[in-house]
Amino acid sequence: MAKPGYGKRSAPEQQPRTRDDFALLPTRERYVAGFVDHLPDGAEMSVKQLAKQLPLYGQQAISTALKALSVAGHLRRVRCSVGAGDETRWVFRTFWSRTAHDNEWWNTYLATETAARTAAPAATSEAPAAPAEPPAPVAVPQQRTPPEAAPGTAPETAPTALPARSAALSPAYLALAELGRKDIRLALSADDCAALEPQAAAWFARGVDADYLIAALTAGLPAQVDCPPRFVRRRLADKIPPHRPAGHSSPGTSTSAPSPARRLLVECTDCGRPGLPEALPDGLCRPCRAAHSEGGGTPSVDPAEIADVKAHMANIRDLLKAP
């Protein structure tokens, strides 16, 4: 089954699976619960997908069965936000428990950080593809040898590859090299960057990042800078920042503290309205819970009433056939 769309998440504190797990439920709810209980974690549990997998019932019957299972304490539907800033999006999950739990247990569990981590998507949704095997060597026909060069001409030599120094460049050197891109008045040569690199490295040792360094050096420039290396050297000495307190990290550094887990929002199993766990007892919002209490679930039809309706319709058809 597909993974997106109310993907299944198993709740803790479940009893071992037995044949009588859902014996107290009605036939339809017992059938749906048995199927959902055997689904792996991550399987889709939307009404439409379950109706495709269970041919005995349609989408309306599946929706009613899920609502009854929510009231019985077997499932809760939740949503949680992932990402940060403009990348924030909502993911939807269905927590399932073979063992029925009351509202207090569900509210306590869904408020924990464990539930938030369980509902959050994995960091890597797909495993990296295995590297392809190298192609078999292809037989190359023998090439003709080039003609020998004249005695007076020097052989052509292949251009020597430049040393790959970019991998060894420090953040301080790269920040100095970026100054000329930010403002042409502070364009530095490679030798200038190498000479000023120790002074810039002292800034990084005090906990700042490249953006901070570039902004401090390019702020309030005069209309004309006669000697960019001398000007940058003076600013590196005069505007060096103070030391950061121990344990402090800026947003640009890699040692940022982990973001706190977001609290889950429970969705009404019937209409999908979100809310806090304690605001949706039995996994239902107030209107849906009132409708469920008044209706008492799916109304049962008396077989005698069905026979009376059939007899009445047969009588009407006979009257229509009469001349």
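As a basis for the values below, the full set of heavy atoms in this structure was taken, side chains included, without hydrogen atoms, waters or symmetry mates. Model, not experiment: these values are computed from the prediction.
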Quiz prompt | Test log, rule side chain to side chain contact (heavy atoms under 4.5 Å, CB included), inputs Leu39 and Met45 | solution = CA-CA 9 Å; Leu39 290 177; Met45 284 186 59; 4.3 Å; yes
Quiz item: Quick one: are Asp21 and Thr18 in side-chain contact, heavy atoms under 4.5 Å?
Solution: yes
Quiz item: Is Arg17 salt-bridged to Asp37, cutoff N-O under 4.0 Å?
Solution: yes
Check: residues 267-276 side-chain donor-acceptor pairs under 3.5 Å, at least two apart:
unit_1, atom_1, unit_2, atom_2, d
Glu267, OE1, Tyr6, OH, 2.8
Glu267, OE2, Arg79, NE, 2.9
Glu267, OE2, Arg79, NH2, 2.7
Thr269, OG1, Ser70, OG, 3.1
Thr269, OG1, Gly283, O, 3.2

Quiz item: Applying the 4.5 Å side-chain criterion to the ILVMFWY set and letting contacts propagate, would Val47 and Val36 be lumped into a single cluster?
Solution: yes
Output side-chain donor-acceptor pairs under 3.5 Å for residues 185-196, partner residues at least two apart or in another chain, one line each.
unit_1, atom_1, unit_2, atom_2, d
Arg185, NE, Asp183, OD1, 3.0
Arg185, NH1, Pro222, O, 2.6
Arg185, NH2, Asp183, OD2, 2.8
Ser189, OG, Asp192, N, 3.2
Ser189, OG, Asp192, OD2, 2.9
Asp192, OD2, Ser189, N, 3.3

Exercise. Give the intermediate values and the outcome of side chain to side chain donor-acceptor pair (under 3.5 Å) for residues Ser170 and Glu197.
Key: CA-CA 8 Å; Ser170 66; Glu197 184 178 359; 2.4 Å; yes
Quiz item: Would you call Arg9 and Thr94 a side-chain contact if the rule is heavy atoms closer than 4.5 Å?
Solution: no
Quiz prompt | Heavy-atom side-chain proximity of Leu213 to Leu236 below 4.5 angstrom | solution = yes
Practice problem: Classify the ring geometry between Tyr109 and Trp105 as parallel (under 30°), tilted (30 to 60°) or perpendicular (over 60°). | Solution: parallel
Quiz item: Just how far is it from atom CG of Leu176 to atom CD of Glu178, taken to the nearest 0.5 Å?
Solution: 10.5 Å
Quiz item: Say you draw a straight line from OG1 of Thr64 to CD of Gln60; how long is it, rounded to the nearest 0.5 Å?
Solution: 4.5 Å
Exercise. Indicate yes or no: at least one non-hydrogen side-chain atom of Arg93 is less than 4.5 angstrom from one of Val91.
Key: yes
Quiz item: For the hydrophobic clusters of this structure (ILVMFWY residues joined by side-chain heavy atoms under 4.5 Å, transitively), does one cluster hold both Val208 and Val232?
Solution: yes
Quiz item: So, the side chain of Asp20 versus the backbone of Ala23: is there a donor-acceptor pair under 3.5 Å, distance only?
Solution: no
Self-check item: Close side-chain approach of Arg77 to Val266, heavy-atom, < 4.5 Å
Solution: no
Exercise. Could you check if a side-chain atom of Arg289 sits within less than 4.5 angstrom of a side-chain atom of Pro281, using non-hydrogen atoms only?
Key: yes
Quiz item: Taking Lys8 for the side chain and Glu44 for the main chain, is one N or O donor matched with an acceptor at less than 3.5 Å?
Solution: no
Quiz item: Got a sec, which residues hit ring-ring contact (aromatic ring centres under 6.0 Å, His included) with Phe231, two or more places apart in sequence or on another chain?
Solution: none
Quiz prompt | Enclosure of Gln14 CD (heavy-atom neighbours >12, cutoff 6.0 Å) | solution = yes
Quiz item: Are any of the side-chain heavy atoms of Phe92 and Val78 separated by less than 4.5 Å?
Solution: no
Quiz item: Once you round to the nearest 0.5 Å, how far does CG of Asp209 lie from CD1 of Ile214?
Solution: 9.0 Å
Quiz item: How long is the span from the SG atom in Cys288 to the NZ atom in Lys67, to the nearest 0.5 Å?
Solution: 6.5 Å
Using a 3.5 Å cut-off and no angle test, enumerate the donor-acceptor pairs between side-chain atoms of residues 311-323 and protein atoms at least two apart in sequence or in another chain.
none

Exercise. Could you tell me which non-hydrogen atom of Arg235 sits nearest to which non-hydrogen atom of Gly220, and how far apart they are?
Key: NH2-O, 3.1 Å
Exercise. Just do the side chain to side chain donor-acceptor pair (under 3.5 Å) check on Arg76 and Asn103 with the steps written out, would you?
Key: CA-CA 10 Å; Arg76 289 292 188 273; Asn103 291 319; 2.8 Å; yes
Quiz item: Heavy atoms, side chains only, cut-off 4.5 Å: are Lys48 and Gln59 in contact?
Solution: yes
Quiz item: Donor-acceptor pair, His38 side chain versus Gly34 backbone, under 3.5 Å?
Solution: yes
Practice problem: List the atom of Arg234, the atom of Asp238, and the distance in Å for their closest heavy-atom pair. | Solution: NE-OD2, 2.7 Å
Exercise. Looking only at non-hydrogen atoms, find the nearest pair between Trp106 and Gly73 and report the distance.
Key: NE1-O, 3.1 Å
Quiz item: Do side-chain atoms of Arg28 reach the backbone of Ala65 as a donor and acceptor pair under 3.5 angstrom?
Solution: no
Quiz prompt | Least distance between heavy atoms, Phe35 atom then Leu54 atom | solution = CG-CD2, 3.5 Å
Exercise. State which residues pass side chain to side chain contact (heavy atoms under 4.5 Å, CB included) with Pro171; sequence neighbours excluded, sorted by chain then number.
Key: Phe204
Self-check item: Same apolar cluster: Leu66 and Leu25, side chain cutoff 4.5 Å
Solution: yes
Quiz item: Can you name the nearest heavy-atom pair linking Leu69 to Ala33, along with the distance?
Solution: CD2-CB, 3.9 Å
Exercise. Output every pair passing ring pair (Phe, Tyr, Trp, His ring centres under 6.0 Å) with a member in residues 53-80, not counting sequence neighbours, ordered by first then second residue.
Key: Phe22-His74, Tyr31-Tyr57, His74-Trp96
